[in-house]
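Okay, structure first, notes after.
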Protein chains: 2
Amino acid sequence: MGSVTHTDNGSSPAAEQAARGRAADTSRGEQTRQAIVSSAIRLFGEAGYEKTTMRAIAADAGVSVGNAYYYFPAKEALVSEFYLELQREHLARVEPILNGGTSFGDRLTAILREGIEVWAPHHAFAGRFIGIAAVPGSPVSPFSTASSESRELATSIFHRLVDSTDVKMDPQLRARLPQLLWLAQLGLVVYWVHDTTPGQRRTRSVVDLAVPYLEYLVGASRMKIFRPLTTRGLTLLEAVWPRAAG
Amino acid sequence: MGSVTHTDNGSSPAAEQAARGRAADTSRGEQTRQAIVSSAIRLFGEAGYEKTTMRAIAADAGVSVGNAYYYFPAKEALVSEFYLELQREHLARVEPILNGGTSFGDRLTAILREGIEVWAPHHAFAGRFIGIAAVPGSPVSPFSTASSESRELATSIFHRLVDSTDVKMDPQLRARLPQLLWLAQLGLVVYWVHDTTPGQRRTRSVVDLAVPYLEYLVGASRMKIFRPLTTRGLTLLEAVWPRAAG
DNA sequence: AGCCACAGTTGAACATGTTCAAGTCGTGTG
DNA sequence: CACACGACTTGAACATGTTCAACTGTGGCT
């Protein structure tokens, strides 16, 4: 119970500029930081989380161990960078899909599939990643305030998807659907991580089966017969996950 | 990708008798083992996972550090013992509920509530626990073959609940409901771990709201109008989670 | 130029999970 | 009884994440 504030943004000496526009920063510190990040990402990808030691990362980046800790409070924080990298790639891959003119379901399938594809080369690493992300208070936790930026980034994908579809659905559901889809994607990743079928084939087929079902459910939400089901479900959702908080 | 077999049962020198009837074993080794386990459980409960060092556990149990590793392959394995302890207590608390004559929903609520109650004193610790349990291949993972015994123990609770209810529902759903409820409980624990409301009040109110909704859904499953929804849902479930495998 | 403040950097020291070669103990056997 | 063998135990050694006091360079101010 000792350390209460795990969401310690701003305490890191190099964090004041972290929130915005780091890409434009070309100062010495930023170069070092980048060297550490890219070394960490590469080594994580090559050897996994456990086998990549902080000493190895520092050596690869050409800095001392202590210096790595000047920029990152812990090894876990470097995992967060790895995650950001993947998320950026997902976003890039998803862009043409969102702009494409296919159906809601097809686009959702494509988005989820790209999510899997981005992670695919790192299935072993992802196992450890999940373990780190699952602990509450960890900056990598998808529910933490520290990751709110990347969370909003991710939900924005589904926001755009939902906003641009003309599929008829309950308006309240429409308002909540982006968050729900984000949650579904989260669950999918967890499922994928535990999927031991070769190449995680099962996860892909689950996507192909689940999306049409989701589409069906969403369409059904506005039908009179399903009214109580929809309404009660949304009420429950509001209790579980109030629109305001995370 | 190095170590493939994480489910290494039987490799531990003291594990051949681990599967059954350890309570009856009174040999020297078993006493030592028990001393380590109870020290670990107590210290975990008192100080959390991180702050409880292996040295502290060993000292408290009156043995050497190396000796602890003779019985347990890693610190994580001791967490598994902690989990078992809680599960046993949950089972004990649930017994009178299952034998009670209240409705399906009331009993389900009571079961889930007791699950929360058992964990309640260890909310902080549970955060770390989730992190360990979430990594695939970990013996503590609820999906691992290593924890199949405790998993079947847990599902047996819901099996008994479902078998003893006369709530009308789709027969296929009935066949799958115990597993689904177990999964729901898992999700509930994850939710509870991340619940930062004082005393995790929100989780409790979620239970109170979700169970009636579940009851409603289950009842609706046999109605003709919901037929496609039910059938398609069960088909999807079979793809996601084949009846045979985990 | 001289100097100051501070970002950046270092490597040794520390804490703790884990391993291992060696030692001890108890029990069955000749 | 003496011995052998295996279960059990030990503590030092090791690996690695993390901390920290000291050092260095750099840019700005007088």
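Throughout, protein chains are lettered first and strands after them, A, B, ... in sequence-line order, and every chain is numbered starting at 1.
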| In whole Å, what is the span from the CZ atom of A:Arg33 to the P atom of C:dA7? | 16 Å
| query | Should A:Asn67 be listed as having a side-chain N or O under 4.0 Å from OP1 or OP2 of C:dT10? | reply | yes
| query | What's the verdict on salt bridge (charged side-chain N to carboxylate O under 4.0 Å, His left out) for B:Asp208 and B:Arg113, showing C-alpha distance, side-chain angles and the deciding distance? | reply | CA-CA 9 Å; B:Asp208 293 340; B:Arg113 269 186 172 266; 2.9 Å; yes
| A:Leu91 side, atom CG; A:Ile157 side, atom CD1 - distance, nearest 0.5 Å | 5.0 Å
| What distance do B:Arg151 atom CZ and B:Thr145 atom OG1 have between them, rounded to the nearest 0.5 Å? | 8.0 Å
| Does A:Thr32 put a side-chain nitrogen or oxygen below 4.0 Å from OP1 or OP2 of C:dG8? | no
| message | Is there a ring-ring contact (aromatic ring centres under 6.0 Å, His included) between A:Phe44 and A:His122? Walk through the geometry before answering. | response | CA-CA 9 Å; A:Phe44 281 157; A:His122 313 289; over 10 Å; no
| For residues 58-66 of chain B, which residues have at least one heavy atom under 4.0 Å from DNA chain D? | B:Val63, B:Ser64, B:Gly66
| note | Value for NE2 (A:His123) from CD1 (A:Ile116), rounded to nearest 0.5 Å, stands at 9.0 Å
| Can A:Ser147 and A:Ser144 be counted as having a side-chain donor-acceptor contact under 3.5 angstrom? | yes
| query | Roughly how far, to the nearest 0.5 Å, is the CD atom of A:Glu89 from the CH2 atom of A:Trp119? | reply | 11.5 Å
| Ring-ring centroid check B:Phe129 B:Tyr49, cutoff 6.0 Å | no
| field | Set of residues satisfying salt bridge (Lys or Arg N to Asp or Glu O under 4.0 Å) with respect to A:Arg55, sequence neighbours excluded | value | none
| field | Summary of protein contacts for nucleotides 22-28 of chain C, nucleotide by nucleotide, where a base hit scores B, a sugar-phosphate-only hit scores S (4.0 Å, heavy atoms) | value | -------
| field | Pair listing, salt bridge (charged side-chain N to carboxylate O under 4.0 Å, His left out) test, anchored in residues 60-77 of chain A, at least two apart | value | A:Arg42-A:Asp60
| Using the C1' atoms of the five pairs at each end, what is the angle between the end axes of the helix from C:dA1-D:dT30 to C:dG30-D:dC1, to 10°? | 30°
| salt bridge (charged side-chain N to carboxylate O under 4.0 Å, His left out) between A:Arg176 and A:Glu238, intermediate numbers included | CA-CA 9 Å; A:Arg176 289 304 227 125; A:Glu238 191 60 32; 3.2 Å; yes
So which protein N/O to nucleotides 13-17 of chain C N/O distances come out below 3.5 Å?
unit_1	atom_1	unit_2	atom_2	d
C:dG17	OP1	B:Lys75	NZ	2.8
C:dG17	OP2	B:Met54	N	2.8
C:dG17	N7	B:Arg55	NH1	2.8
C:dG17	O6	B:Arg55	NH2	2.8

| field | Distance (rounded to the nearest 0.5 Å) between B:Phe72 CZ and B:Asn67 CG | value | 10.5 Å
| query | What is the distance from OH of A:Tyr70 to P of D:dC23, rounded to the nearest Å? | reply | 18 Å
| request: Quick one: pull up CZ in B:Phe125 and CD1 in B:Ile130 and give me the separation to the nearest 0.5 Å. | output: 10.5 Å
